[in-house]
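Every chain is numbered from 1, with letters handed out A, B, ... down the list of sequences. Keep in mind that the numbers below use all heavy atoms, side chains included, and drop hydrogens, waters and symmetry copies.
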There are 2 protein chains.
Amino acid sequence: MTPFTPKLTEAGLNPNVSVDCVIFGFDGERLKVLLIDRDQVISAKGDEKIYALPGNLIKEDENLDEAAERVLFELTGLEDIFLEQFGSFGDPKRLTKEHDSQWLKQIRAHPEARVITVAYYSLIRADQYELHASGFAKDAIWHDIEELPPLGFDHSEIIESALKELKFKSKYQPIGFELLPEKFTLGQLQKLYEAILNIELDKRNFRRKILKMSFLTPLKEKQIGVPHKPARYYTFDRDKYQSYKSQDFYFTL
Amino acid sequence: MTPFTPKLTEAGLNPNVSVDCVIFGFDGERLKVLLIDRDQVISAKGDEKIYALPGNLIKEDENLDEAAERVLFELTGLEDIFLEQFGSFGDPKRLTKEHDSQWLKQIRAHPEARVITVAYYSLIRADQYELHASGFAKDAIWHDIEELPPLGFDHSEIIESALKELKFKSKYQPIGFELLPEKFTLGQLQKLYEAILNIELDKRNFRRKILKMSFLTPLKEKQIGVPHKPARYYTFDRDKYQSYKSQDFYFTL
DNA sequence: GAATTAAAGTGTAAAATTAACACTTAGGCC
DNA sequence: GGCCTAAGTGTTAATTTTACACTTTAATTC
């Protein structure tokens, strides 16, 4: 990896607008978020590292969606990820915490500039992508959404907002395709919904409802090696799944 | 009205970030949007005026919500309006149409600057507010959403996006309180839903459904002077209405 | 190899909601 | 007095939702 020379790369960047990406993953049990290690240790007791969302200033000649895509790639190596804008954050003091402005002095040509950030989120199958941290990201790591490390800037707020959006969306659109592996069991799908909505669902009712939508294709294959009755695997029928997305839909239970 | 001296007022403005407000109203029949007359005539055949959403650059010391509130007030006189952010627009070419950049040269200290705009929307009772155009707004006028005049910048796109958001929101949250006069008939409420969703609803089913939610209080008062059976007036029970908003809800029919 | 453990898988009945549908009423207008 | 217009009102069938418990299958343990 070539050493990062931040300020030299600032040409063409707009000093006042950034994008941040909240990338959600699911490990079969819990929801995860992708964070970058910005390689800074809080001086207070504990010596905890500070993490951040992958994000950076936009370029003058790209639109917001392009910026989000580029920045995500530059910091984490993730490519071809469908990102959806969900909100913008512009408190004048959002960058003024001591350790944040210290950090900005290292990487920005105009570390004092006011920055409004446009936030994006995405759902991905963590296992389908390789992470390659680069740029000012020392590392890119999945973190459990329920127990996040200390975060820079207003990134806690941004993640909270993204999660709210996700909960909301998952109630009127099918979710799962984006987060689950190619083949999965109904139990995993139910766990995913339970993790997102943070509630318990009735197994029989859940299955009936989700199967009736008929975007799930049962496979002949079953789990092997599990210490209980092996579950059948399913795949998503992409076309039906997508057409369901555009339909009206409301998830109860 | 004092003459507008734009460039002198630019102190403290961030050159790269603006807010725009999509204010919806309802006249009992049709959905309306509030536009400002930017007092510029397209030179091409027709001599049509160009309109725009109320919007302007943000100040360095205010957050986005505050900026939206201030800008709306400065241009239209509207105050104490609940504004909700719904998206940001940042195409690098969004200000580059000829008549738009001409206009910007008149009002901006940095007319060439790239501007990302954060868009807000609101629903208001048109009859409850007086409009006072000022600043670079020569006038502020309600326009029928279905037949909009030529709009500057990407404001058509922004309005379309706001409308989509409104349609969407109205399906899972009660809407009406914000747009209807203090007392209103069930017919008006139904017309509002029909105008927003752009569909026809069954009168009996609509009434049953909306009354069951029990945030409507029937009044003794009825319409007078109408050439048909006078309808009963209702008011919203604000508390119940608000608590319904936070609940789960899905509007069918 | 019998017993244990763990999650998979499966059905029904009661209650609630949705969808479709038409006539009577009240008031102004001519 | 007759006409016009929108208000107001109920029923039935179909669908959806909710609540709820036992059997099956495979691995693990002893």
In whole angstrom, what separates A:F206's CZ from C:dT10's C1'?
16 Å

To the nearest Å, how far apart are B:I224 CD1 and D:dA6 C1'?
17 Å

Give me the distances for all protein-to-nucleotides 7-9 of chain C N/O pairs that come in under 3.5 Å?
unit_1 : atom_1 : unit_2 : atom_2 : d
C:dA8  : O4'    : A:K229 : O      : 3.4
C:dA8  : N7     : A:K203 : NZ     : 3.0
C:dG9  : OP1    : A:R232 : N      : 2.7
C:dG9  : OP2    : A:R207 : NH1    : 3.3
C:dG9  : OP2    : A:R207 : NH2    : 3.1
C:dG9  : N7     : A:K203 : NZ     : 2.8
C:dG9  : O6     : A:K203 : NZ     : 3.3

Should the side chain of B:R204 and the base of D:dA7 be counted as holding a donor-acceptor pair, with the cut-off at 3.5 Å?
no

What are the two closest non-hydrogen atoms of B:F26 and B:A195, and how far apart are they?
CE1-CB, 3.9 Å

Could you walk me through whether B:D139 and B:I36 pass the side-chain contact (heavy atoms from CB on, under 4.5 Å) test, one step at a time?
CA-CA 6 Å; B:D139 204 354; B:I36 62 173; over 6 Å; no

Apply side-chain hydrogen bond (donor to acceptor under 3.5 Å, both in side chains) to A:K245 and list each qualifying residue two or more places apart in sequence or on a separate chain.
A:E178

Of A:G225 and B:P227, the one whose nearest nucleotide on DNA chain D sits closer to the 5' end is B:P227

Of B:Y234, B:F215, B:Y241, B:Y244, which meets ring-ring contact (aromatic ring centres under 6.0 Å, His included) against B:F177?
B:Y241

Length of the CD-C1' vector between B:E200 and C:dA20, whole Å:
15 Å

With sequence neighbours excluded, give me every salt bridge (charged side-chain N to carboxylate O under 4.0 Å, His left out) pair touching residues 196-207 of chain A.
none

Which pairs pass salt bridge (charged side-chain N to carboxylate O under 4.0 Å, His left out) with one or both residues in residues 148-162 of chain B, sequence neighbours excluded?
B:R94-B:D154

Carboxylate-amine/guanidinium proximity below 4.0 Å for B:E74 and B:R70
yes

So if I define the base as every atom that isn't primed, P, OP1 or OP2, how would nucleotides 11-16 of chain D read as a B/S/- string at a heavy-atom cutoff under 4.0 Å?
B-----

Separation of C:dT18 P from B:I210 CD1 (nearest whole Å):
12 Å

Kindly write out the residues that satisfy ring pair (Phe, Tyr, Trp, His ring centres under 6.0 Å) with B:F184, not counting sequence neighbours, or none if the list is empty.
B:F236

